[in-house]
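Being a predicted model, the structure only gives us computed values, none of them experimental. Throughout, numbering of the chain's residues begins at 1 and tracks the sequence. As the structure lists them, so they are numbered: ligands from 1, and atoms in each ligand from 1. Any value given below was found using the heavy atoms of this structure, including those in side chains, with hydrogens, waters and symmetry copies removed.
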Amino acid sequence: MRLKHKFAIFLALVVAVIALTLWRVMAVSSGILEKHYARPDNPLAVPVAGADVKDGERLAHMDGCFACHGQQLTGRVLFTGPFGTKLVAPNLTRVVRKQSDAQLATVIRYGIRPDGTTLINMPSTRFLASSDQDIAAIIAYLRTLQPLPDATPASSWGLGGRVLLAMHFFRVTAESTNTTMRGPRLTPTEPMALGRYLTQSQCAACHGRNLKGDPEESSPDLRFSLKHYSQDVFERFFTTGVGRRGHGTRVMTPLIKSQFHYLTGADVDALYRYLSLPAGAVTSMTPATAQSPHA
Ligand code: HEC
Ligand code: HEC
């Protein structure tokens with residue numbers, strides 16, 4: 001075969017491989033963005049009307065809604081990629097006007113929009129561990145907000161973002177939740193139950209469900225860390241971000257300053273008491289928590 005022919009065949013092969021890859025990327029990413037999920041029947045067992053609005057505002061800070069959705073909740077860009085790719089945590093002051101309480105509870109806890117499609121990278125698994133009472137309070141608070149203009153246009157999925165979607169770079173929220181699961185109906189008040197509730201809804205995402213630490217997050221075993229903390233120093237840590245060594249730590253200190261200083265005094269006390277229990281008590285109490293179906 002002449003060199004010219006060989007080159008033409010090679011070129012045709014390269015073009016075919018590129019076309020196939022592009023087709024695959026579009027098919028996989030569209031499959032993710034357009035898939036419809038079944039919505040849970042009754043996502044909230046307590047009414048939003050009459051929920052504690054002031055507590056809802058505190059919880060929205062503690063749960064990081066402001067950290068991601070912007071200081072006025074009018075939206076924030078979380079990720080920008082090549083070819084017009086942008087992931088935006090949307091303007092909640094407007095979203096709440098368009099959705100019912102049940103729709104909002106479903107989108108927050110299960111990452112499923114009213115049209116059945118998934119959110120991308122919204123940490124709904126964390127809010128699945130929150131009580132119905134807390135979610136109702138957050139929704140009640142969001143309903144008090146004046147609708148404000150969007151701080152940024154909505155998410156958009158250009159080719160770069162679709163490649164990243166197809167490569168599982170983003171978390172497909174609805175895939176990580178389970179619509180048969182519910183959080184507790186009411187927020188516990190008894191210290192050990194409150195401590196267990198808070199560790200599961202606030203700490204487990206990084207320190208692991210069994211709180212033994214997660215190498216991927218470089219987070220330590222919480223019960224082990226607590227051995228180095230007196231109750232006073234623990235309280236100081238969770239109010240100011242100053243740790244046991246007299247200075248801040250890389251991840252916890254900014255997190256405390258933006259979110260965890262919204263924990264109440266009773267919350268911090270309950271966390272300390274719960275994490276100081278003997279090892280068997282903490283791990284044996286863990287699996288029974290959040291994410292169990294409603295009675
Ligand atoms: C780690 C960042 C992060 C945190 C924390 C977070 N969100 Fe989100 N949120 C997102 C992203 C990202 C999206 C959706 C982006 C997409 O799919 O386009 C989203 C979407 C939403 C939507 C869906 C809007 C729609 O289009 O229907 C609601 C409602 C929402 N968030 C409420 C909340 C509330 C309430 C909190 C606090 C309890 C919260 N979010 C905390 C990142 C976050
Ligand atoms: C976003 C991930 C994340 C979350 C959520 C989180 N932690 Fe941590 N935590 C870390 C990491 C990472 C470290 C290691 C030190 C650092 O980088 O701040 C740590 C360290 C600690 C330490 C040891 C600090 C020291 O002096 O070395 C304590 C105590 C602690 N966390 C308690 C908690 C409690 C209690 C919660 C829930 C209320 C929580 N953390 C939630 C990531 C997290």
Side-chain angles (χ1 to χ4, degrees), residues 32-33 56 59-70 73 75-79 86-96 98-99 103-115 117-124 126-127 130 134-135 137-139 141-142 154-157 161 165 170-174 195 197-208 211 213-229 233-234 237-238 241-256 258-263 267-268 270-272 274-275:
I32 292 172
L33 294 173
L59 291 165
H61 280 285
M62 186 175 88
D63 283 340
C65 318
F66 284 86
C68 283
H69 288 267
L73 299 178
R76 198 163 85 85
V77 179
L78 297 183
F79 176 87
K86 216 165 56 155
L87 179 67
V88 171
N91 180 352
L92 295 183
T93 71
R94 287 189 174 277
V95 168
V96 289
K98 293 181 217 144
Q99 297 187 20
Q103 286 174 330
L104 282 169
T106 301
V107 85
I108 293 169
R109 280 188 156 165
Y110 304 98
I112 305 173
R113 289 198 184 84
D115 69 2
T117 58
T118 183
L119 300 181
I120 301 295
N121 268 27
M122 160 89 173
S124 293
R126 269 173 47 204
F127 310 133
S130 294
D134 283 1
I135 296 294
I138 291 173
I139 295 175
Y141 163 66
L142 294 177
S155 295
S156 59
W157 295 101
L165 266 177
F170 295 104
R171 208 155 0 101
V172 179
T173 307
Y197 169 71
L198 290 169
T199 53
Q200 290 306 307
S201 56
Q202 301 296 331
C203 322
C206 295
H207 289 275
L211 310 177
D214 182 345
E216 260 183 53
E217 302 279 348
S218 319
S219 64
D221 181 324
L222 277 185
R223 284 193 54 269
F224 185 78
S225 295
L226 257 279
K227 290 200 198 329
H228 302 287
Y229 275 87
V233 178
F234 187 76
F237 189 35
F238 272 85
V242 177
R244 67 190 160 98
R245 294 195 180 84
H247 56 74
T249 67
R250 185 180 57 90
V251 174
M252 287 302 289
T253 300
L255 197 60
I256 288 167
S258 66
Q259 295 175 219
F260 287 158
H261 79 272
Y262 287 96
L263 288 162
D267 288 348
V268 175
L271 279 170
Y272 189 79
Y274 178 66
L275 291 171

Are Phe79 and Phe170 close enough that their ring centers fall under 6.0 Å? yes
Tell me the closest heavy-atom pair linking Ala174 and Ile112, and the distance in Å. CB-CG1, 3.9 Å
Please determine whether any non-hydrogen atom of Lys98 lies less than 4.0 Å from an atom of ligand 1. no
Name the closest protein heavy atom to atom 15 (C) of ligand 1, giving the residue it belongs to and the distance to 0.1 Å. Val88 O, 3.3 Å
Looking only at non-hydrogen atoms, find the nearest pair between Val77 and Lys86 and report the distance. CG1-CG, 3.7 Å
Apply side chain to side chain contact (heavy atoms under 4.5 Å, CB included) to the pair Leu198 and Leu263, showing each step before the final yes or no. CA-CA 9 Å; Leu198 290 169; Leu263 288 162; 4.2 Å; yes
Ligand 1 contact on Thr173 by region, counting heavy-atom pairs under 4.0 Å: neither
Main-chain N/O of Ala67 paired with Arg76 side-chain donor or acceptor, under 3.5 Å: yes
Would you mind listing which atoms of ligand 1 come within a distance below 4.0 Å of any non-hydrogen atom of Gly64? 4 (C), 5 (C)
Using 2.8 Å as the cut-off, note every protein N, O or S atom close to atom 8 (Fe) of ligand 2. His207 NE2, Met252 SD
Backbone N or O of Asn91 within a donor-acceptor pair of the His69 side chain at under 3.5 Å? no
On a heavy-atom basis, which atom in Ser155 and which in Val88 lie closest, and how many Å separate them? OG-N, 2.9 Å
Identity and distance of the protein heavy atom lying nearest atom 35 (C) of ligand 2: Phe238 CZ, 3.4 Å
Run the numbers on His247 and Thr253 for side chain to side chain contact (heavy atoms under 4.5 Å, CB included), then give the verdict. CA-CA 9 Å; His247 56 74; Thr253 300; over 6 Å; no
Do you know which two heavy atoms are closest between Ile135 and Phe127, and how far apart they sit? CD1-O, 4.0 Å
Please answer whether the main-chain N or O of Gly213 pairs with a side-chain N or O of Asp221 as donor and acceptor at a distance below 3.5 Å. no
With sequence neighbours left out, write down each residue that passes side-chain contact (heavy atoms from CB on, under 4.5 Å) with Val96, or none if nothing qualifies. Leu104, Leu142, Arg143
Can you see which heavy atom on Ser219 is nearest to which on Cys206, and at what distance? OG-O, 2.6 Å
Kindly assign one of parallel, tilted or perpendicular to the pair Phe238 and Phe234, based on the angle between their ring planes and the thresholds 30° and 60°. tilted
Under the 3.5 angstrom rule, does the side chain of Thr173 hit a backbone N or O of Thr118 as a donor-acceptor pair? no
Check whether any side-chain N or O of Arg109 sits under 3.5 Å from a backbone N or O of Ser130 as a donor-acceptor pair, and report yes or no. yes
In ligand 1, which numbered atoms sit nearer than 4.0 Å to a non-hydrogen atom of Ile120? 11 (C), 12 (C), 14 (C), 15 (C), 16 (C), 17 (O)
Would Ile135 count as a contact of ligand 1 if the rule is a heavy atom under 4.0 Å away? no
Distance from atom 18 (O) of ligand 2 to nearest protein heavy atom, with residue and atom: Thr249 OG1, 2.6 Å
Tell me the contacting part of Leu78 for ligand 1: side chain, backbone, both, or neither, using a 4.0 Å heavy-atom threshold, strictly below. side chain
For atom 12 (C) of ligand 2, what is the closest protein heavy atom, and at what distance to 0.1 Å? Glu217 O, 3.3 Å
Atoms in ligand 2 flagged as close to Arg250, the criterion being non-hydrogen separation under 4.0 Å: 16 (C), 17 (O), 18 (O)
Mind checking what makes side-chain contact (heavy atoms from CB on, under 4.5 Å) contact with Thr117, not counting sequence neighbours? His36, Arg113, Asp115
If we only count N/O pairs under 3.5 Å, is Gln99 in contact with ligand 1? yes
Any atom of ligand 2 sitting under 4.0 Å from a heavy atom of Ser218? yes
Here the atoms of ligand 1 under 4.0 Å from any heavy atom belonging to Arg113 are 16 (C), 17 (O), 18 (O), 26 (O)
Donor-acceptor under 3.5 Å (Tyr229 side chain, Tyr272 main chain): no
Let's go through Tyr141 and Leu73 carefully: what are the C-alpha distance in whole Å and the side-chain angles of both, what is the deciding distance for side chain to side chain contact (heavy atoms under 4.5 Å, CB included) to 0.1 Å, and is it a yes or a no? CA-CA 12 Å; Tyr141 163 66; Leu73 299 178; 4.3 Å; yes
Side chain or backbone, does Thr118 bring an N or O within less than 3.5 Å of an N or O on ligand 1? no
How far is atom 29 (C) of ligand 1 from its nearest protein heavy atom, and which residue and atom is that? Val107 CG1, 3.3 Å
Close-contact set for ligand 2 against Tyr229 heavy atoms, below 4.0 Å: 24 (C), 25 (C), 26 (O)
Among Met62, Gln202, Gln200, closest by heavy atom to atom 5 (C) of ligand 2 is Gln202
Is a donor on one side and an acceptor on the other found under 3.5 Å between the side chain of Ser225 and the backbone of Pro220? no
Ranked by distance from atom 41 (C) of ligand 2, the top protein heavy atom is Phe260 CE1, 3.5 Å
So what's near atom 8 (Fe) of ligand 1, protein N, O or S atoms under 2.8 Å? His69 NE2, Met122 SD
